Protein chains: 2
Amino acid sequence: MRPLGHNMVSIVDVARHCGVTPSSVSRALNNKAGVSESLRQKIKQACIELNYAPNEVARTLITKESKLIGLIIPDLVSTYYASIAKGVNEYLRSQGYNVLLCDCNRDEHIEKDNIQFLKRQRVEGIIMVSVTASESDIKAIKDSGIQVVAADVELSDSISSVINDNYTGALQLFRHMIHQGCKNIGLILGNKRSKTTIDRLRAFKQVMEENAIEFNEHNIIYTDATFENGYKKTKGLLGKGIDSIFAINDSVALGAIKYCQDHGIKIPDNIKVAGYDDLEISSMISVPLTTVHQRKIFLGKKAAELLLQEIENAQDPIKIVLTPKLVVRASLGEKQ
Amino acid sequence: MRPLGHNMVSIVDVARHCGVTPSSVSRALNNKAGVSESLRQKIKQACIELNYAPNEVARTLITKESKLIGLIIPDLVSTYYASIAKGVNEYLRSQGYNVLLCDCNRDEHIEKDNIQFLKRQRVEGIIMVSVTASESDIKAIKDSGIQVVAADVELSDSISSVINDNYTGALQLFRHMIHQGCKNIGLILGNKRSKTTIDRLRAFKQVMEENAIEFNEHNIIYTDATFENGYKKTKGLLGKGIDSIFAINDSVALGAIKYCQDHGIKIPDNIKVAGYDDLEISSMISVPLTTVHQRKIFLGKKAAELLLQEIENAQDPIKIVLTPKLVVRASLGEKQ
DNA sequence: ATGAAAGCGCTAACAA
DNA sequence: TTGTTAGCGCTTTCAT
């Protein structure tokens with residue numbers, strides 16, 4: 001059994017079966033001119049009878065069009081990345097391409113391996129959702145004649161990227177918080193050097209300034225953006241006399257909410273909470289969470305679209321910035 | 001730019017650069033005997049300098065070993081399926097294989113397309129997580145000399161499969177419910193013909209019998225297993241005087257819980273609730289949900305392991321049944 | 001230890 | 001309209 005394609009029928013078999021040469025079969029199957037309609041029908045019929053599946057490997061070798069796009073993501077199980085992958089996949093399918101999905105498990109080493117793998121498979125382009133890739137990684141790919149587009153991150157000025165506008169999204173949210181009467185906001189952010197955290201903090205400072213509220217460094221906590229940390233860090237924040245919490249994402253917000261519930265602190269009466277990401281669950285909890293929605297599937301689609309355009313004809317890199325949408329629910333005391 | 005591989009360096013370039021023939025380069029790179037160690041080093045060095053990436057397409061054409069495995073799943077964004085994919089991917093990577101992931105968007109038509117695609121790509125095997133595939137689909141794949149293994153479903157007696165034991169999982173849960181004092185359990189199940197629903201219902205009947213409780217058909221609701229339906233169907237169930245709810249999955253359970261919260265019904269005091277699946281969120285809600293945990297990543301790994309074994313040497317199909325694990329939390333009134 | 005030659009399954013000139 | 005030929009980039013005998 002071992003050798004693959006053992007009993008795979010080839011174009012030669014089909015040709016023999018129809019009493020013609022392989023070239024005619026090729027022409028017929030690829031709908032090219034130069035075959036009589038009757039022969040074309042006969043050949044197509046034969047393919048069905050013989051259960052013939054064209055060998056894409058051989059086709060790619062000669063045409064140099066693998067119709068394959070590589071997609072590199074940090075983690076398949078994350079809904080955020082999976083959604084981007086969904087968008088990429090759907091769009092590429094519709095355009096006759098297929099995607100070679102590489103889950104890097106948030107591991108830089110695996111990511112490098114995957115890039116090599118994609119090069120070897122002769123993909124026509126790569127969409128990178130990566131935090132670790134360097135300028136030189138990008139360059140190495142482009143030097144091989146493979147187009148690259150960054151999704152959700154800006155990896156380099158030399159390639160196009162499509163990203164969510166964290167500054168504007170956070171701006172909307174913070175203004176809404178002020179509107180809801182928040183006067184002393186505590187922040188649970190992510191890694192201090194993460195671009196996401198930086199951009200949203202910038203929005204915070206801006207809104208504080210707009211409202212002539214003094215910016216208070218002590219109300220900010222930087223941490224790993226997990227549910228557990230949302231829970232743990234809330235206690236400390238509450239001691240600082242804040243009236244509301246902005247969490248860097250919904251998981252963290254959920255952790256904060258859980259802490260409050262466990263300690264008899266009513267939301268939104270005693271404390272208001274806002275998140276970011278709009279997880280499915282965020283609308284399901286007892287006090288539905290006000291948050292910011294990002295168009296993940298659309299982001300994936302846009303990145304794929306961009307990549308295909310650049311494959312068709314090289315063009316200068318561009319940036320597409322998607323504006324997130326504020327989702328007003330109840331955790332900031334909005335009236336229903 | 002269009003033609004791919006435009007500037008891709010080939011084995012011939014490497015050979016020329018070293019003043020040898022392509023065959024020597026091939027031998028060197030594949031670590032085969034018949035090359036002097038010094039030449040091997042020289043060649044490997046040249047590959048690095050020239051940024052040479054072996055053309056896997058050409059290699060596959062001749063060796064007939066694509067080192068590619070197809071994975072067909074209904075939906076990438078579902079955490080359940082994504083986790084299975086993770087397991088498959090991790091294991092195959094460790095064995096030198098890569099996976100061609102196909103998201104079918106729960107669409108039978110796309111699934112058929114994807115099977116064709118995988119055949120054309122000459123994958124060495126396929127792992128199917130499918131509800132719609134028929135016996136004849138399976139047969140068509142095997143006839144092409146491609147091995148198939150079913151994951152999470154039993155598609156056919158002619159292929160191996162690895163599944164979660166819904167009967168045993170549900171059995172544990174229902175016995176625990178009885179132990180927690182549930183006397184009149186309402187069920188919100190999925191599609192009446194779904195194997196999952198059937199198996200868990202069978203466990204329910206068994207437990208009812210064990211405890212000499214009359215089985216009451218009226219306490220069962222069949223519906224699409226979504227959060228929304230969990231919310232909606234709860235009202236009707238509550239009118240039937242039940243003291244507890246078993247939901248076919250955690251999403252549905254969350255919907256039921258939300259309904260109760262919205263209507264001042266206390267969990268677990270007024271009504272007890274149990275789910276199935278152990279979503280991440282289930283431990284995060286105000287009254288953590290008692291549920292059943294399934295080893296999704298492990299399931300994927302096992303399926304991949306099985307497939308590789310069958311690719312190495314054909315063997316009779318086997319079934320691997322994974323036993324889920326009851327996760328006792330608080331929604332059935334367990335004391336902490 | 002190295003080279004020469006054939007061929008994997010297909011497409012794409014060029015002939016006929 | 002159809003056939004003939006060459007060759008994509010590699011591996012693999014078989015010579016040397």
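A quick note: this is a predicted structure, and the numbers were derived from the prediction, not measured. Proteins come first, then strands; the chains are lettered A, B, ... in the order of their sequence lines, and each starts at number 1.
- Contact check, Lys64(A) against dG9(D): a side-chain N or O comes under 4.0 Å of OP1 or OP2.
- Within 4.0 Å (heavy atoms only), Thr21(A) reaches at least one base atom of the nucleic acid.
- Under the 4.0 Å criterion applied to side-chain N and carboxylate O atoms, Arg40(A) and Glu37(A) are assigned as salt-bridge partners.
- In terms of the salt bridge (charged side-chain N to carboxylate O under 4.0 Å, His left out) criterion, residue partners of Lys139(B) (sequence neighbours excluded) are, by chain and number, Asp143(B).
- The separation between Lys42(A) atom NZ and dT1(D) atom P is 16 Å, rounded to whole Å.
- Summarising the geometry, the separation between CG on Asp13(B) and P on dG9(D) is reported as 9 Å, rounded to the nearest angstrom.
- In this structure, Glu37(A) atom CD and dT1(D) atom P are separated by 10 Å, rounded to whole Å.
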Could you pull out every donor-acceptor pair under 3.5 Å between side chains of residues 9-19 of chain B and any protein atom, sequence neighbours left out?
from	atom 1	to	atom 2	distance (Å)
Ser10(B)	OG	Val12(B)	N	3.0
Asp13(B)	OD1	Arg16(B)	NH2	2.9
Asp13(B)	OD2	Ser10(B)	N	2.7

Taking distance alone, no hydrogens or angles, what donor-acceptor pairs closer than 3.5 Å link side-chain atoms of residues 22-29 of chain B to residues at least two apart or in another chain?
from	atom 1	to	atom 2	distance (Å)
Ser23(B)	OG	Thr21(B)	OG1	3.4
Ser26(B)	OG	Asn30(B)	ND2	3.3

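- Regarding Leu61(A), its CG atom lies at a distance of 4 Å from the C1' atom of dC8(D), rounded to whole Å.
- Each end of the helix from dA1(C)-dT16(D) to dA16(C)-dT1(D) gets its own axis, taken as the rotation carrying the C1' atoms of four end pairs onto the next four within a five-pair window, and the two axes meet at 40° to the nearest 10 degrees.
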| task | Mark up nucleotides 11-16 of chain C, 5' to 3', with B wherever a protein heavy atom is under 4.0 angstrom from a base atom, S wherever such an atom reaches only the sugar-phosphate, and - elsewhere. | result | BBB---
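- Residues satisfying the salt bridge (charged side-chain N to carboxylate O under 4.0 Å, His left out) criterion with Arg106(B), sequence neighbours excluded, are Asp75(B).
- Rounded to whole angstrom, the span from the CZ atom of Arg40(B) across to the P atom of dA1(C) amounts to 9 Å.
- Contacts of Val20(A) with the nucleic acid, taken as non-hydrogen atoms under 4.0 Å apart, involve only primed sugar atoms and P, OP1 or OP2.
- Using modelled atom types, one finds a donor on one side chain and an acceptor on the other under 3.5 Å when comparing Lys86(A) with Asn105(B).
- For Ile163(B), the side-chain contact (heavy atoms from CB on, under 4.5 Å) partners two or more places apart in sequence, or in a different chain, are Glu154(B), Val321(B).
- Between the C1' atom of dC8(D) and the CD atom of Gln121(A) lies a distance of 16 Å, rounded to the nearest Å.
- In terms of position along DNA chain C, the nucleotide closest to Leu39(B) lies nearer the 5' end than the nucleotide closest to the other residue of the pair Leu39(B) and Asn55(A).
- Between Glu65(B) atom CD and dC8(C) atom C1' there is a gap of 14 Å when expressed in whole angstrom units.
- The side chain of Ser36(B) has dA1(C) as its nearest neighbour among dC8(D), dA1(C), dG3(C).
- Taking atom CD1 on Ile43(B) and atom C1' on dG3(C), their separation rounds to 13 Å, with Å as the unit.
- Every residue was checked against the side-chain contact (heavy atoms from CB on, under 4.5 Å) condition with Ile62(B), not counting sequence neighbours, and none meets it.
- In this view, Lys112(B) and Asp137(B) satisfy the salt bridge (charged side-chain N to carboxylate O under 4.0 Å, His left out) rule, not counting sequence neighbours.
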